[in-house]
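Everything below concerns the one structure shown next.
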Amino acid sequence: MTDYKDNTDDLTDEIISDIDTDAKEDIKENDSDAKSLEITDIDNSSESNTDAEEEEKAAYTDTSDKIIPETSPYQISYDLYGSAYKCYQKRFIFPKNRILQLVLLVLAVDFAYHGAVNPDNKMAFFLLALCAALIFILWYNPRRMRRSVMDVVREMEGDEYIFSMDDEKMTFSTVPPEYVQDVPNDEIASNPPTEIYFDSNLSVIEKYEFFLICRGKQAFYVLPKYALYDNQAEVIRCHLENKIGKRFRCKI
């Protein structure tokens, strides 16, 4: 009996010891699994936080690159465009025409004098008439051109534009129409944005109602000030003064 008890107790101790060992191993495995899950969760959360920070940083970077971010879509009224085109003509067309008109006027006076001194000099009268015709053409052509341009502007009235500016250029974009009858949206041709760099061909005139942006003497663009908000007009003015210097003129 004594031996049986002792053996039983030893066997019981071994079983309990094995159970304790297995339980400890299970607990260790569970702890290690839990720790690995925690580490994985921490890694995933850190990755998600990193991605969120990178996206936020990228968005901030994209915004900070723009001195003037994209404006809301705006329209250019007929009268405003007419005033801008007159300003363009006064800057690039009228001065040259006036010089030519003055030269022709001097020649016309000279031909008139020779015709008065010698009435038989028909060439003098012919040249006098030619000078008068040229003076009239130089006066009339800019006005005829203005009417033609304004007829085109009237047809385009209602189109919308978007303006933005960064450190190197200004960008004008045409807003695509939301709906064109009988034409699917994916088949509507979109015009590429117009980029105007701050180079030697650029000159800008600021008026009370708009900025007249001229690229050389052949093309010009109108930025109405009602498309801007807060102090954006002042920001544009300061940036243009720094970039193009005397080729920016403020005539408010």
Side-chain angles (χ1 to χ4, degrees), residues 52-95 146 149-150 152-179 188-252:
E53 290 176 358
E54 288 180 355
E55 290 178 358
E56 184 178 356
K57 184 177 180 181
Y60 177 77
T61 302
D62 292 340
T63 304
S64 62
D65 287 340
K66 296 284 187 179
I67 296 175
I68 301 294
E70 289 186 348
T71 63
S72 300
Y74 62 88
Q75 298 179 359
I76 303 176
S77 66
Y78 179 85
D79 293 335
L80 182 68
Y81 199 96
S83 300
Y85 189 68
K86 286 180 181 178
C87 182
Y88 168 78
Q89 287 185 315
K90 289 179 181 178
R91 173 68 179 85
F92 293 105
I93 297 176
F94 287 161
R146 186 190 308 161
V149 169
M150 296 311 297
V152 175
V153 171
R154 190 180 295 279
E155 295 178 358
M156 296 172 58
E157 199 170 10
D159 289 353
E160 295 185 331
Y161 309 92
I162 292 175
F163 171 82
S164 63
M165 185 176 74
D166 57 34
D167 189 60
E168 296 182 353
K169 64 183 182 298
M170 294 177 284
T171 303
F172 288 91
S173 304
T174 304
V175 178
E178 295 181 356
Y179 175 77
I188 299 174
S190 58
N191 296 325
T194 300
E195 296 180 342
I196 304 173
Y197 288 86
F198 300 115
D199 54 22
S200 58
N201 291 324
L202 178 65
S203 60
V204 181
I205 300 174
E206 181 184 1
K207 301 290 285 186
Y208 181 75
E209 296 179 319
F210 56 84
F211 288 92
L212 178 66
I213 301 165
C214 304
R215 187 163 59 181
K217 298 181 180 180
Q218 306 300 324
F220 70 95
Y221 305 86
V222 183
L223 175 62
K225 288 186 177 179
Y226 55 69
L228 307 173
Y229 59 90
D230 294 337
N231 63 336
Q232 288 185 333
E234 183 178 353
V235 172
I236 293 174
R237 184 185 308 120
C238 294
H239 195 68
L240 289 173
E241 288 176 347
N242 292 331
K243 285 292 184 178
I244 63 176
K246 295 182 179 179
R247 284 178 281 112
F248 170 72
R249 300 183 180 185
C250 182
K251 297 184 176 182
I252 300 177

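- Considering all non-hydrogen atoms of both residues, V222 and A84 come closest at CG2-CB, 3.6 Å.
- Contact check for S203 versus F92: side-chain heavy atoms found under the 4.5 Å cut-off.
- Within the structure, side chain to side chain donor-acceptor pair (under 3.5 Å) pairs that include any residue of residues 75-88 comprise Y78-R154 (at least two apart or interchain).
- Annotation: the span from F198 atom CZ to I244 atom CD1 amounts to 7.5 Å, rounded to 0.5 Å.
- Judged as a side-chain contact (heavy atoms from CB on, under 4.5 Å), and not counting sequence neighbours, the contacts of P73 are E160, I162, V175.
- Residues L223 and T71 fail the side-chain proximity criterion, which asks for heavy atoms closer than 4.5 Å.
- In this structure K90 satisfies the side-chain contact (heavy atoms from CB on, under 4.5 Å) test together with F94, sequence neighbours excluded.
- Legend: residues meeting ring-ring contact (aromatic ring centres under 6.0 Å, His included) with F211, ordered by chain and number and at least two apart, are absent.
- When the side-chain contact (heavy atoms from CB on, under 4.5 Å) test is applied to D167, the partners found at least two apart in sequence or on another chain are I67, H239, K243.
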Side-chain donor-acceptor pairs of residues 245-252 under 3.5 Å, sequence neighbours excluded:
unit_1, atom_1, unit_2, atom_2, d
R247, NH1, D199, O, 2.9
R247, NH1, L202, O, 2.6

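- Note that CD1 of I213 and CZ of F163 are 5.5 Å apart. Values are rounded to the nearest 0.5 Å.
- L80 is listed as a side-chain neighbour of Y226, based on a closest heavy-atom distance under 4.5 Å.
- Checking each of I68, D230, L240 against V235 for a side chain to side chain contact (heavy atoms under 4.5 Å, CB included) leaves exactly one that passes, namely I68.
- Nearest heavy atom pair, residue P193 against residue S173, reads CB-OG, 3.4 Å.
- Annotation: side chain to side chain donor-acceptor pair (under 3.5 Å) contacts of D159 (sequence neighbours excluded): none.
- Legend: salt bridge (charged side-chain N to carboxylate O under 4.0 Å, His left out) pairs involving residues 204-224, not counting sequence neighbours, sorted by first then second residue: E206-K225, E206-R237.
- Crowding of E241 atom CD: a count of heavy atoms from other residues, nucleotides or ligands under 6.0 Å exceeding 12.
- Evaluation of the side chain to side chain donor-acceptor pair (under 3.5 Å) rule for E195 yields Y197 as partners, not counting sequence neighbours.
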Show, in sequence, the C-alpha distance, side-chain angles and deciding distance for I236 and L228, and conclude whether the side chain to side chain contact (heavy atoms under 4.5 Å, CB included) test is met.
CA-CA 10 Å; I236 293 174; L228 307 173; 3.8 Å; yes
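- Taking every heavy atom of both residues into account, K169 and T171 meet most closely at CE-OG1, 3.9 Å.
- Residues satisfying the side chain to side chain donor-acceptor pair (under 3.5 Å) test with Y74, not counting sequence neighbours, are none.
- Minimum heavy-atom separation, Q89 to P95: O-CD, 4.0 Å.
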